Each structure stands twice: as C-alpha cells, then as structure tokens.
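Remarks on the structure that follows.
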Amino acid sequence: MSQLGDTLRERRIALGITIEQAEDRTKIRGKLLDALESGDYAKLPNPGYVRGYISSYARLLELDSVPLLAMYRAETGSSRFHDIAPPDTAVSARGEQHEVPWKVGVIAVAILVVLSLVIWLVLRVRSGPESPPPIPTTPTVEATGATPSAEDPGEQSPAADPAEKPPATYTPFTLKIKVATNGASWVEVRVDGKSAYVGSLTSGRTKSFEVTSKAVVKIGKPSVVTVYRDGKKVDVPNSGGTPTLTLTADPAP
C-alpha cells in the first residue's frame with residue numbers, strides 16, 4: 001500500500017473522476033496513473049518524470065503537490081533512481097493525433113499528379129492519332145458550252161431562243177396634215193398606236209407628226225385636207241363619210 005497512492009485515489013473518487021477522465025485531462029497514460037495510485041513505482045519511469053506526473057495529477061485533483069512529492073520521496077528513498085526510459089508519458093494532444101505531416105501530404109499530391117499523367121498518356125496512346133480535318137471541296141461547274149460572265153462566273157446566261165426574232169426596224173417618216181385656206185375639218189391622228197391629235201383644224205393650219213412605224217389618220221372633210229409623207233403628197237380616199245388613211249413605215253434597209 002502507498003500513502004501517496006491512497007491519497008490520490010481517494011481524492012479522485014471523491015471528485016467523481018475516472019481513470020479515463022484523468023488520463024484525458026492530464027495527458028498521462030491511465031496505466032501510469034493506476035501504478036501511481038497503487039504505489040507500484042517499478043512500473044513508473046525515472047523519478048524526474050514521476051514528479052511531473054504527481055504535480056499534474058495534484059492540479060487536477062486540486063491538491064497541494066508539495067506534501068505529495070514529499071510522500072513520494074519518503075516511499076521511494078532519495079537514492080532511488082530508475083534508468084531513463086523512453087518517454088512513455090503523455091498521449092498526443094487530440095488536435096495532433098490525426099494530423100498528417102506536411103511532407104506526407106506533398107508526397108501524396110505528387111503521386112496523384114504522376115498517376116494522372118500516366119493515365120492520360122495511356123488513354124491518348126489507345127485512342128490513336130487524331131484524324132485530320134476534312135479537305136474542303138471546290139464546287140465544280142458543269143461544262144455547257146456557254147462562257148460564264150466575268151461578274152458572276154457561276155451564273156450562266158440563258159440560252160437564246162432560236163424562235164425569237166429581233167424586233168423589226170423601220171425607216172421613220174414625217175406626217176404632215178394641212179387644211180386649205182377656204183375650209184376646216186375634223187381630224188383624228190394616231191401615231192405608232194397612240195393618240196396624237198383629235199380636233200378641228202381651221203383654215204390654213206398645219207400639223208406635223210414624226211412616225212416610227214405606222215400612222216392612222218381619220219379626216220372629217222377630205223376635200224379641204226392635204227396629207228404629206230416626207231414632203232410628198234399622199235392620196236386621200238374621197239369615197240364619202242370619214243375616210244381613214246393608214247401609212248406604214250418602210251422596213252429599214
């Protein structure tokens with residue numbers, strides 16, 4: 001039995017603290033606290049460590065460490081020393097128990113990078129080289145015998161219709177209508193299909209028209225009207241009523 005151990009145990013029990021709770025709070029292994037309470041000093045390390053245990057344990061149990069250390073010296077003797085054992089003292093702090101050293105982290109990251117690169121290279125080799133892009137083709141124009149225009153090489157001129165004939169050309173002439181000085185006459189003139197004049201020409205008046213293809217003249221009183229074509233007199237039918245005179249231009253040479 002140990003007075004020191006009994007004191008520590010009784011105080012711990014009185015405070016309702018278990019060995020596990022004491023270990024957690026003092027960071028001293030439970031087996032060492034149990035050996036200290038049992039007076040089994042052979043299981044404890046060097047007295048230097050043990051004195052530290054006693055001081056820490058006393059603070060937890062709210063005891064004065066001085067008489068406790070005196071009990072330890074009395075029970076173990078001042079000449080008793082243990083060989084220095086490995087520091088089997090306190091457990092690591094909770095925040096340090098699962099901490100990964102930074103070197104290990106760097107090595108792990110480097111390994112992941114290398115593995116990713118190897119996997120990428122393997123997949124690239126298996127997939128083979130990338131196929132070249134398709135060569136654009138130039139649209140061809142079928143030969144039709146017709147020469148494309150310079151403005152739009154792809155557009156072809158429509159073929160000429162052999163049945164279509166060029167418009168006929170005529171030799172224009174001057175139509176002149178003159179009323180005698182002793183009379184008047186109603187006259188209607190159509191030139192090239194359009195109405196050129198409708199009205200009464202009084203005595204001595206003259207009307208001239210430029211005709212391209214055809215002229216149609218209606219005369220109310222042909223006995224007093226004279227018609228000229230390029231200065232040459234044209235015979236006007238005088239069969240009674242309102243005669244109609246049609247003059248057609250000669251085809252161009």
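Remember, predicted model here, so these are calculated numbers, not experimental data. We're numbering straight along the sequence, starting at 1.
Here the NZ atom belonging to Lys214 is positioned 6.5 Å from the OG1 atom belonging to Thr246, to the nearest 0.5 angstrom. The CE atom of Met71 sits 9.0 Å away from atom OG of Ser2, with the distance rounded to the nearest 0.5 Å. One finds the CG atom of Leu33 at 5.0 Å from the OH atom of Tyr57 (value rounded to the nearest 0.5 Å). Rounded to the nearest 0.5 angstrom, Ile54 CD1 and Tyr72 OH are separated by 6.0 Å.
Transitive grouping of hydrophobic side chains (ILVMFWY, heavy atoms separated by less than 4.5 Å) brings Leu15 and Tyr53 into a common cluster. Taking hydrophobic clusters as Ile, Leu, Val, Met, Phe, Trp and Tyr residues chained together by side-chain heavy-atom distances below 4.5 Å, Val234 does not share a cluster with Tyr170. Hydrophobic cluster membership is shared by Phe173 and Tyr197, with clusters built from Ile, Leu, Val, Met, Phe, Trp and Tyr side chains linked at under 4.5 angstrom. When the side chains of ILVMFWY residues are joined at heavy-atom separations under 4.5 Å, either directly or via intervening members, Ile107 and Leu115 end up in a single hydrophobic cluster.
In this structure, the side chain of Arg9 engages the main chain of Glu37 through a donor-acceptor pair within 3.5 Å. Using modelled atom types, one side-chain atom of Glu75 and one backbone atom of Gln3 make a donor-acceptor pair closer than 3.5 Å. Remark: the backbone N or O of Gly193 is paired with a side-chain donor or acceptor of Arg190 at under 3.5 angstrom. At distances below 3.5 Å, at least one donor-acceptor pair connects side-chain atoms of Arg11 with backbone N or O atoms of Leu61.
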### Task
Carefully, step by step, assess Thr206 and Ile177 under the rule side-chain contact (heavy atoms from CB on, under 4.5 Å).
CA-CA 6 Å; Thr206 302; Ile177 300 174; over 6 Å; no
### Message
Apply side-chain contact (heavy atoms from CB on, under 4.5 Å) to residues Leu175 and Glu210 and explain how you reach the verdict.
### Response
CA-CA 6 Å; Leu175 173 65; Glu210 295 297 327; over 6 Å; no
### Query
Yes or no on side-chain contact (heavy atoms from CB on, under 4.5 Å) for Phe209 and Thr174, after CA distance, side-chain angles and deciding distance?
CA-CA 6 Å; Phe209 307 91; Thr174 301; over 6 Å; no
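When all heavy atoms are compared, the tightest approach of Asp24 to Lys27 is O-NZ, 3.0 Å. Ser55 approaches Leu69 most closely through the heavy-atom pair OG-CD1, 4.2 Å. Heavy-atom minimum distance, Ile219 versus Ser185: CG2-OG, 3.8 Å. Closest heavy-atom contact between Ser56 and Ile28: CB-CD1, 4.0 Å.
A salt bridge does not link Lys31 to Glu23: none of the charged side-chain nitrogens sits closer than 4.0 Å to a carboxylate oxygen.
For Asp250 and Thr171, the side-chain atoms include no donor-acceptor pair closer than 3.5 Å.
Within the cation-pi definition used here (under 6.0 Å to the ring centroid, within 45° of the axis), Lys233 does not qualify as a partner of Tyr228.
Residue Leu245 forms a side-chain contact (heavy atoms from CB on, under 4.5 Å) with just one option from Val227, Asp235, Val216, and that option is Val227.
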